Amino acid sequence: MGFDIPIAEPEIGEEELKLVMEAVKSGWVSSKGKYIKEFEKDFSNYIGTKYGVAVSNGTAALHLALVALGIGPGDEVLIPTLTFASVANAVIYSGAKPVFVDSHPDYWCIDPEDAERKITERTKAIIAVHSYGHSCDMDCILELANRYGLYVVEDCAEAHGAEYKGRKVGSFGDISCFSFYGNKIITTGEGGMCLTNDQKLAEKMKILRDHGMDPKRRYWHEVIGFNYRMTNLQAALGVAQVKKIDYFISKKRKIAKTYNSLFEGIDKVVCPPEMPWAKSVYWLYSILIDYSKTSINNRDKLMERLGQKGIETRPLFYPIHEMPPYRKYSQGRCPVAEKISMRGLSLPSSTKLTDKEIRFIANTIIKSLQASI
Ligand SMILES: *Cc1c(COP(=O)(O)O)cnc(C)c1O
C-alpha cells in the first residue's frame, strides 16, 4: 500500500475466483466442505508427504506440531534467532523454552554447530526454518537429531517448493509447517498446513485442531484442543494456487537471476545465497550491503531514498533474542545473525514484477551506494 513497487503481492486470477465463488455458493463456508481435503491432498502430494492437516495460519501449524509431539513445560526447543518471531511464540505457547541458535554465515539458516553446542538434556526438538526460500543443511540437522534423540520440525513458511539435494523441504522432518499468508509463495489469505508421513501424528493433529473433539463421538473430548481449522473458502483459494506453484517458483527464480546479474561486480552488495546442495525459491530477494564509504551510510537512509522512488523494501528480521519479550530466554550473542540482520535488506520480489522494474530498483540502489563521501 502506498508504494508503486510493493515488496510482495499475491497473484490471484480467475481460477481462484471461480473456486472461491463455488465454495461460497455451496454454503460450506466454514471448515467442512470438499476443498479442505482436496487442498490437503494436493499440497501434501506436491511436497511429497503422506498426510496434510490444513490449519488457520502458519503459527498455529507450528504450535499444533509441537503439541502433537508432546512438547511442553520443562522442554527446550532449538530455533534460529534470525527468523520471524512467530517461531519463538509457538514454542512459548507450548510451554517449552525457546533456545536461540546463531545463523550459518554462508546460507543464513540455523547453524548446526551452534545448535549442537546448545543441546542440553532438556532439548526435545529443533525447528529447522528454511529462511528466505533457502533450505537448511538437512543432513547435518537430521544427523544431530538422530544422535541426540530430537524431533525435527521444519518451518517451510518461506520455502514452499524449495529443495535440499533434489528433494523438497517439508519432507524431511517429523512434521513440517507451512504458512499461506498473503506474502508467501502461495496464499490462502490466512492459512497454514502441517505435513507428516506419520499417520498417528496426522490423526492427533486433526483432533487437536478441532477443539480436541473425538472424531468418532461428536462433542466428546479426550484432550483439550484448539480451534485451528482452515475454512473451505481459504482451501478453495489454495487448490487454485497449488496448481500455479511451479510457475510462481520459476518466476521467483527468474527475478533472482535478473537481480543477481545486475548486482554482479558491485562489491558493496552480497547477493542471496544458493548453496550447491540447495534450490532456493527466493521468497524475498534479500541482499547484504556494506554501507561503509557510501553517502548513504546506513540501511534506514537507503530504505528512505528507495521509498521516495516508490520502491518498498524491508529490513531482514531482527534477531529474536534481542527483542524485549524474548531477552529473558537469551543465552548471549549470536554474532553471525546479528551481522546479517543489520546489513540485510529485502527487495521487491512479487511474481508480478517486470524486468524494467527490477532494473530500476537495482540501478537506484547501485547509484545510492556509489555516491561516495
Ligand atoms: C510467515 C511465517 C510464519 C507464520 O505464518 P503466519 O501464517 O503469519 O502465522 C512462521 N514462520 C516463518 C519463518 C514465517 O516466515
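Every number for a ligand or one of its atoms is a count from 1 in the order of the listing. Here the structure is a predicted model, which is why all the values come from computation and not from measurement.
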Query raised in the report: Do Glu15 and Lys244 meet the salt-bridge criterion of a basic N to acidic O distance under 4.0 Å?
Result: yes

Query raised in the report: Would you call Lys206-Asp210 a salt bridge at under 4.0 Å N-O?
Result: no

Report task. May I ask you to check whether Tyr259 and Tyr282 place their ring centers less than 6.0 Å from one another? Result -> no

Report summary line: Lys165 meets the salt bridge (charged side-chain N to carboxylate O under 4.0 Å, His left out) criterion, sequence neighbours left out, with Asp139

**Report entry** Salt-bridge present (Glu14, Lys18; N to O < 4.0 Å)
**Finding:** no

Requested in this report: Take the angle between the ring planes of Tyr329 and Phe100 and call it parallel below 30°, perpendicular above 60°, tilted in between.
Outcome: perpendicular

Short N or O separations between ligand 1 and the protein, below 3.5 Å:
from, atom 1, to, atom 2, distance (Å)
ligand 1, 5 (O), Ser179, OG, 3.2
ligand 1, 7 (O), Gly58, N, 2.8
ligand 1, 7 (O), Ser179, OG, 2.7
ligand 1, 9 (O), Asn57, OD1, 3.4
ligand 1, 9 (O), Gly58, N, 3.3
ligand 1, 9 (O), Thr59, N, 2.9
ligand 1, 9 (O), Thr59, OG1, 2.5
ligand 1, 11 (N), Asp155, OD2, 2.7
ligand 1, 15 (O), Glu158, OE2, 2.6
ligand 1, 15 (O), Lys184, NZ, 2.8

